[in-house]
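Worksheet for the structure shown next.
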Amino acid sequence: MDADSILKKLFGDTTDFDMAAFDCYARDHFGIIIPIYEEYAGQMKSHCHPAYEIVIDFGRDSDKPMHYWATITSPEVIHKTDFNMHCYRIFIEKEYFESRYLMYAQAVPVFEGKAFEFCSDILKALNTFVFEYSKSMMNSDVTLDSQTEIITHWLIRSIFGETLDMRAVSSDYSLARAQHYIEQHYMENITVEKLAGLGYMSKTTFNRRFKKELGITPIEYLIEVRIKMAKLMLKRKENPVTDIAMRCGFGSSAHFSSCFQKNVGLTPTEYRDRHAD
C-alpha cells in the first residue's frame with residue numbers, strides 16, 4: 001500500500017483537507033503529518049478519524065526543556081482541532097494501537113482529547129522516523145517498523161505517566177550513570193558529591209555539565225524524580241501523605257508539600273483529590 005493510501009486509511013476523508021500543506025510520513029500502522037504553511041493555522045471544523053490521533057502542540061510545552069504535552073483522541077470521536085505551525089499530528093491504526101494498549105491494561109478507554117506529558121526522547125524517536133523515511137535508506141522498512149513499535153509503546157507508557165522515567169537520558173555516560181543512580185536511589189540521601197563521584201569528576205564540573213545538557217541542576221532532577229514517584233503513590237489513597245514524604249526521600253512533610261506545590265501547582269492533598277484511583 002502506498003503512503004497516500006495508508007494516510008487516508010489513518011486520517012480518513014481528505015477531500016476538505018489540503019494535504020499539500022503538510023509534510024506527511026506514513027508507514028503501515030503509523031503516520032505523522034506536520035504543517036508547513038502558515039495559512040493552515042486556525043481551527044479545523046468538527047471531524048473524526050479512523051485511527052487514534054495524538055497531537056503534540058509545542059505551544060503547550062512546559063517550562064522544562066525535557067518535557068512536552070500531547071493529547072490523544074480515539075477513533076470516531078468527533079472533535080475540533082486547533083492548527084498551528086508548531087505541532088506534530090500522529091495517527092496510529094486502531095487495531096495496532098489497541099493491541100499494544102491491552103498489554104498495559106484490561107480495557108482501552110475512549111479518549112476525548114486526554115492530555116498527557118511525555119519526555120523529549122519521544123520527539124527524538126519521531127524525528128528519527130521522519131529522517132529515516134525521507135532518506136529511503138537500505139532496509140528502511142525494517143527500521144521504520146521497529147521505530148513504530150517503540151514510539152507506540154513509549155506513547156502508551158506516557159499516557160500511564162510512566163515514560164518520564166526516561167527523562168531524556170544523556171548521551172554522556174557519566175551523566176546517564178548519575179541519572180540511573182537517582183532513579184534507583186531517589187528515596188535515599190543523595191548528594192551532588194556522590195553523583196559527581198560516579199562520573200569521576202569534580203562537583204563543579206558535574207553540576208555544569210549536567211545543567212548544560214539536561215537544563216536543570218542535579219538536585220532539581222532528583223526532586224522531579226521524587227515528585228514523580230509521589231504522584232504515583234498519591235493516586236493510591238491507602239498511603240498517608242506523611243509516609244509518602246518519607247518514602248520518596250523528603251526530610252519532612254512540610255518540605256514535601258513545599259516542593260510538590262512548587263513543581264505541580266497543587267498541594268499533595270489537592271492532587272490526590274483530583275487523581276486518586
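Since we're looking at a predicted model, the values are computed, not measured. Heavy atoms only: backbone and side chains are in, while hydrogens, waters and symmetry mates are out.
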Taking every non-hydrogen atom, the tightest pair across [X] and [Y]:
{"X": "Ile56", "Y": "Ala70", "value": "CG1-CB, 4.0 Å"}
{"X": "Pro50", "Y": "Glu76", "value": "CA-OE2, 3.5 Å"}
{"X": "Glu193", "Y": "Lys203", "value": "OE2-NZ, 3.3 Å"}
{"X": "Ile92", "Y": "Leu155", "value": "CD1-CD1, 4.2 Å"}
{"X": "Pro218", "Y": "Asn207", "value": "CD-OD1, 3.1 Å"}

Residues Glu132 and Thr143: side-chain donor-acceptor under 3.5 angstrom: yes
Tyr133 side chain to Arg27 side chain, donor-acceptor N/O pair below 3.5 angstrom: no
Is it true that [X] and [Y] have ring centroids separated by less than 6.0 Å?
{"X": "Tyr25", "Y": "Phe129", "answer": "no"}
{"X": "Phe91", "Y": "Tyr52", "answer": "no"}
{"X": "Tyr104", "Y": "His153", "answer": "yes"}

Pair listing, salt bridge (charged side-chain N to carboxylate O under 4.0 Å, His left out) test, anchored in residues 93-106, at least two apart: Lys9-Glu93, Lys94-Glu98, Arg100-Glu149
All side-chain contact (heavy atoms from CB on, under 4.5 Å) counterparts of Phe131, not counting sequence neighbours: Lys135, Met137
Option from Arg177, Gln179, Glu213 for which side-chain contact (heavy atoms from CB on, under 4.5 Å) with Asp172 holds: Glu213
Heavy atoms from other residues, nucleotides or ligands near NE2 of His180 exceed 12 (cutoff 6.0 Å): no
For Phe250, all residues meeting ring-ring contact (aromatic ring centres under 6.0 Å, His included), sequence neighbours excluded: His255, Phe256
Side-chain ion pair, Lys228 and Glu183, N-O less than 4.0 Å: yes
